[in-house]
Amino acid sequence: MAGSAQQDRILLALLAAGAAGLALLPWYAIESGFWSFAWLASYPDASTAPATLLAAFHERPWLWPLFLGLLLPVPALFGHRRAAALVLAGGIFGICYLFLQGFLIGLRGWSLPALEAMFGPVPPQDGLGTGALVAGTIFLLLIAAGMARRGAMRGDQFLVGAIALVVASILLFVFFPIAAVLVEAAIDAAGGFSLGALLGRLTTEDIWSLGCFAGQRYCGVFWNSLWLAVATGITTTLLGLAFALLHKRTGFRAKGLLRLLAVLPIITPPFVIGLGIILLFGRSGVGTALISDLFGIPPSRWIYGFSGLLLVQTLAFTPIAYLVLIGVVEGISPSMEEAAQTLRADRWRTFRTVTWPLLRPGLANAFLIGFVESLADFGNPLVLGGNYDVLSTDIFFAIVGSQNDPGRASALSIVLLFLTLSAFVLQRQWLGRRSYTTISGKGDAGIPAILPRGLRVLIYAATMPWLAFTVLLYLMILAGGFVRSLGLNNTPTFQHYITAFGIDWGPHGILWSGRAWPSFFTTIELAAIAAPLTAAIGLLTAYLLNRQNFFGKNSFEFLTMLSFAIPGTVIGISYIVAFNVPPIELTGTGLILVICFVFRNMPVSIRAGLATLSQIDKSLDECSLTLRHGSFATMRRVILPLLRPAIIASLVYAFVRAITSVSAVIFLVSAQYNLATAYIVGRVEISDFGVAIAYSSVLILCMLAAIGLIQLGVGEQRRARRTFGTPAALGTS
Amino acid sequence: MTIVNRSAAVVLEKVRKQYGVVMAVEEVSVTIEAGTLVTLLGPSGCGKTTTLRMVAGLEMPTAGRILIGDKDVTLLPPNERDVSMVFQSYALFPHMTVLENVSYGLADASLSKARKLEKAREGLRLVGLDGYDERLPSELSGGQQQRVACARALVLEPQVLLFDEPLSNLDAKLRRRMREEIRELQQKLELTSIYVTHDQEEALAVSDKIVVMNQGRIAQEGTPADLYERPADSFVADFIGAANLIPCEILRREDALAIVRFGDTELRVRAPRISGSAGYLVVRSAAVALADAGAARGLTATVRKATYLGGHWEYTLDTPFGSLFLAQPVGRRFEQGATVALQLDPQHLSVVART
Ligand SMILES: Nc1ncnc2c1ncn2[C@@H]1O[C@H](COP(=O)(O)OP(=O)(O)O)[C@@H](O)[C@H]1O
Ligand SMILES: [Mg+2]
């Protein structure tokens, strides 16, 4: 069937853009970066030439067939009978060939010796560049256009294109790297693949040894991680529940403090709590000194290991459990409890038969979240682990240290991934959709059952010390930057701030002389680039999941949800393994950091989008469609304005998380693109605590200010525009 | 400037819609003449909304064709069809003012901005909402929101106007008024309209033609009077006007009449399309007069329940052929437990097939 006029217009535009990608833009990645435009000076030499010139003059004739992908669809412009099939074929051929040639011909020519023997030597290829990116995108969109012409999504090109782009980018930047890790773990010493290598790496003593029960000093790293995660899961869940009950079921007044407590983990770089603990209980910590003075207990290294980690992770992740459980406690409608009481149940029976069963799925959920957070935590074990090895840090040391063993890092990643995915699957199985209904259930009228006195006392006894402790810890961190060396030499000084954030007036104006500035600016810049991209892709995905039906949607949904459960360390290592060599060579660039930010934080944006979209009546979109607006116009004029709370939540979250994340990016930073957290971790490792603390405090305050400003702005907006409330849903990860 | 009438006829040819294994609409063929209001009536889940959404283009039929004004639109997306729809939930855009809502569909580039606004105001005037331009939907009452939704659909001057249970979110009093307004507007502008409802009274009140649907199929189509007086089957008879169905035996036919027997009573009643010998006698309140037992000849029954409803009495009667539910004028009152005589008026009786 011939396409409509609009379809033909779009096809023409696609083909033109594809031709530009092949004939004008540099085909290979530019060392100095595309946007520096330095390459224009030598354009078009062998390293900056477009595919056409490479094929014609630079001995790379295998690039010619790429044009076939653009030529095949041409007859469709002239009303060819099989237009849809031609467009589809062009796109599929183009994208397959693009990747095939990329993987077969690499940095050292043919990547398989057999091919070299067959076709003779070929010149090497660098990683794919801008031209290839444009061409690949166009091929993808051609596939989408072809499918739309065949009637997919009611022929809506925008929708099919959006689905294609989102699916392809998730495959490329989430699942391809994970697959690369699996492959990497199976590469043996000789560089070939062997199952033996994989099994050998997966079954080493280091991982599975139960030696600590048999009198040896240490257990395998798997067990270490598991114990810690289980313990953290339990403590955070119990404390989180206590805080949730404190908030909802007692007369506790300082609720603002609790809200602040809930925001803190979002804006605190994950290792900062560990840092605070070191200041407090380290060998020369303030607390240690106090205790040794008062009780005569000599300073020890007890915080470096299991107990310290448990303490720190409990502090760090309790707020998340609290956020989860507050919804659950709210969802238990007082009237249900009242009903039980009118049915002659005493308090204890009410708790046992009504409250507890309703609480149980929420508790399981909170436990699993704490469990996964603990497994994924990287920053704290890095600063506090001591000899207690856990998976996430072991992965890191397997690749950065003297070991430099990507195979081992990959194997450890597989084990870690196995653990978190199991928790994730368990969560889905146990809770299914049930948890959502209980969590989102609106509490109806009625007075919450007053907790029995004993329980109330218990709750206060559990929460108040933690609250005080947390406050003390943050004060410590804020104060620590202003003394020479907290605990050892408490002379007030601004030296750390000057070292980190000094500004001088040079002959050419401002001189950013502080040592933190480069990483600070890089961080802000990359986070600012990543945030809108994260929000856009996340919300588009949410829109497709919530509003559209398409073939394979359920698997797609499962895959996106699965990416929630991939720990940052695994993402980091997988990016190194996957994007270190052509055809996609990104390591050392700022781009890889941006991509990492985007796909790591996207799940939260998806969740915020889904929560908001589910509150926007579908008939609004449909109505707009019947009012002469296509799906793109509908999205722009109806969905986006109504999604604004979710957009803002996503933007803030993506920005803040990009600034605070450590685990994934620490693998990916480079001298040119160093990030704040990586810089701070570096300072901590050489025990330069002063600067580390000063820098952390600045980050925390910056983000607190940013969040406050934005919330203020949103609040004003809402009031000005009166209420049509679609509450923002800011999930935790 | 006014709203121009561009009404066109709509034809559904053997339209079917399947969701996986669920057969939402099995087969619907119906013609809607230009300028008329046709109601799709049926119980919840019978496929009315699905049928309407296929006309709008929001669902693709699994099979069959849809024509609007002789043009096959089966494969066209909604925004390329000349229809507009009033949604059950009104679907007013909460972030736009009333005026923005109403002018939203006027996307035609050839129209100047001023003309669009003028047209939107004209639409609002038509539904009696001038002066509400700058309100937000959340600042309107339910009835007013309903009117904005109508105005928004009207200003597009569509070939077909679709209503999906437009009144179901209003209270009973307002419902009555709004349905009259919609009908007046439709007749004044001679708009082709398809109107979905599950409320038979509403359907009787507004329609030129009613299409009764049952389980994804058309049970009967006709004018309100047709359906009420000459139901095609027991489903229609029961659904419209909640008739009492008394099993009877059809003895023989005389032209459009049939001689039927139930118990030991024989009657000569209308029976337009019926064959076979088993039937139901369709007994509505209007066909029955109650009298004191003994005062008149005829069937006797016992009053099981009597309910006073102000304008009329409702009686549940035990009879030899089952229980009867009747409304009777006030004035004459029969106590619970009393024995009464039933006088049937063959003029108001009809027979449907019993299968
Ligand atoms: N998207 C859908 N997926 C599956 N089944 C559907 C869908 N939409 C409607 N149905 C089913 O089709 C039947 C008819 O639905 P509908 O047209 O909404 O009925 P009505 O409007 O007459 O109440 C119902 O049984 C309903 O469950
Ligand atoms: Mg319906």
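Because the structure is a prediction, the values reported are computed rather than measured.
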Where does [X] contact chain A at under 4.5 Å (heavy atoms): side chain, backbone, both or neither?
X        : result
B/Phe87  : side chain
B/Leu92  : backbone
B/Asp82  : both
B/Arg152 : both

Original post:
When only pairs under 4.5 Å are counted, which of A/Asp617, A/Asp156, A/Leu620 shares the most heavy-atom pairs with chain B?
Top reply: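 Of the options given, most contacts go to A/Leu620.
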**OP:** Measure A/Ser624 against the heavy atoms of chain B and call it side chain, backbone, both or neither at under 4.5 Å.
**Re:** both
**OP:** Say whether, by atom type as modelled, one donor and one acceptor occur between the side chain of B/Arg16 and the main chain of B/Thr62 under 3.5 angstrom.
**Re:** no
Original post:
Between B/Gln186 and B/Gly35, is there a donor-acceptor pair closer than 3.5 Å when you use the side chain of the first and the backbone of the second?
Top reply: yes
Subject >> Between B/Tyr104, B/Tyr90, B/Phe93, the one whose heavy-atom pairs under 4.5 Å with chain A are most numerous >> reply: B/Tyr104
Subject >> Heavy-atom pair count under 4.5 Å with chain A, highest-scoring of B/Ser89, B/Gly57, B/Ala153 >> reply: B/Ser89
Original post:
Salt bridge or not for B/Glu122 and B/Lys119, using N-O below 4.0 Å?
Top reply: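 Here B/Glu122 does not pair with B/Lys119 in a salt bridge, since their nearest N and O are not under 4.0 Å apart.
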Original post:
Taking A/Met147 as the fixed residue, which of A/Leu142, A/Leu88, A/Ile163 is the one that meets the side-chain contact (heavy atoms from CB on, under 4.5 Å) rule?
Top reply: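 Of all the options given, the one that passes is A/Leu88.
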**OP:** May I ask you to decide if the ring planes of A/Phe632 and A/Phe158 are parallel, tilted or perpendicular, using 30° and 60° as cut-offs?
**Re:** perpendicular
Original post:
How many angstroms lie between atom CG of B/Leu111 and atom NZ of B/Lys113, to the nearest 0.5 angstrom?
Top reply: 12.0 Å
